[in-house]
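For reference, the structure is listed below as structure tokens.
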Amino acid sequence: MMEFLVRQENNMPAMAPEEAASIKTAEREYAQQLRDRGVLRRLWRVPGTRTAIGWYEAEDTTALHDVLAALPTFQWQNISVEALATHPQEQLLESSSKSAQGVLST
């Protein structure tokens with residue numbers, strides 16, 4: 001699996017309140033489905049903006065694109081994606097953690 005940092009700027013236009021509420025509900029439901037599937041790992045908002053930053057896991061860039069393109073608000077989003085690679089410091093932490101677990105389990 002690949003990890004991605006996704007910045008989504010929502011530019012949904014003004015519309016009837018009922019229509020906006022329906023779209024927002026669909027967006028929340030889809031986000032929960034992505035969480036349940038392990039695709040959307042974390043989601044933050046940027047204070048004072050209509051921007052969200054998400055940590056996603058997907059098989060590859062095409063799979064991520066498919067997930068993002070299915071967002072109910074996709075047509076109004078400016079999206080930027082950064083593929084993430086494990087930092088050597090993280091690899092050291094993982095190795096240390098596995099070593100410590102081995103000691104604790106014996």
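In this structure, CG on L71 lies 7.0 Å from CG on L34, to the nearest 0.5 angstrom. One distance of note links CG of L64 with CD of E57; it measures 11.0 Å at 0.5 Å rounding. How far OG1 of T49 is from CG of N10: 10.0 Å, rounded to the nearest 0.5 Å. Taken from CZ in R35 to OH in Y56, the straight-line distance is 9.0 Å, to the nearest 0.5 Å. Rounded to the nearest 0.5 angstrom, Q8 CD and N78 CG are separated by 11.0 Å.
If you chain together hydrophobic residues whose side chains sit under 4.5 Å apart, V46 and L5 fall into the same group. Cluster membership check: W55 does not share its hydrophobic cluster with L40, using side-chain heavy-atom separations under 4.5 Å among Ile, Leu, Val, Met, Phe, Trp and Tyr. L84 and W44 fall within the same hydrophobic cluster, where Ile, Leu, Val, Met, Phe, Trp and Tyr residues are linked whenever their side-chain heavy atoms come under 4.5 Å apart, directly or through other members.
Taking each heavy atom of P47 and R45 in turn, the nearest pair found is CD-O, 3.4 Å. For the residue pair F4 and A83, the shortest heavy atom distance occurs at CD2-CA, 3.7 Å.
More than 12 heavy atoms of other shown residues, nucleotides or ligands fall within 6.0 angstrom of atom CD in Q91.
Listed by first and then second residue, the side-chain hydrogen bond (donor to acceptor under 3.5 Å, both in side chains) pairs involving residues 64-77 are E27-T73, T73-Q77 (not counting sequence neighbours).
For the side-chain contact (heavy atoms from CB on, under 4.5 Å) criterion with V6, the lone passing option out of L43, V67, I79 is I79.
Under the salt bridge (Lys or Arg N to Asp or Glu O under 4.0 Å) criterion, R37 pairs with no residue, sequence neighbours left out. Every side chain to side chain contact (heavy atoms under 4.5 Å, CB included) that A63 has, sequence neighbours left out, goes to A58, E59, D60.
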Verdict with supporting geometry, T51 and R7, side chain to side chain contact (heavy atoms under 4.5 Å, CB included): CA-CA 7 Å; T51 299; R7 179 179 286 263; 3.7 Å; yes
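Within the 4.5 Å cutoff, side-chain heavy atoms of K24 are placed close to those of M12.
Of the possible polar contacts, none joining the S22 side chain to the E18 backbone as a donor-acceptor pair under 3.5 Å is found.
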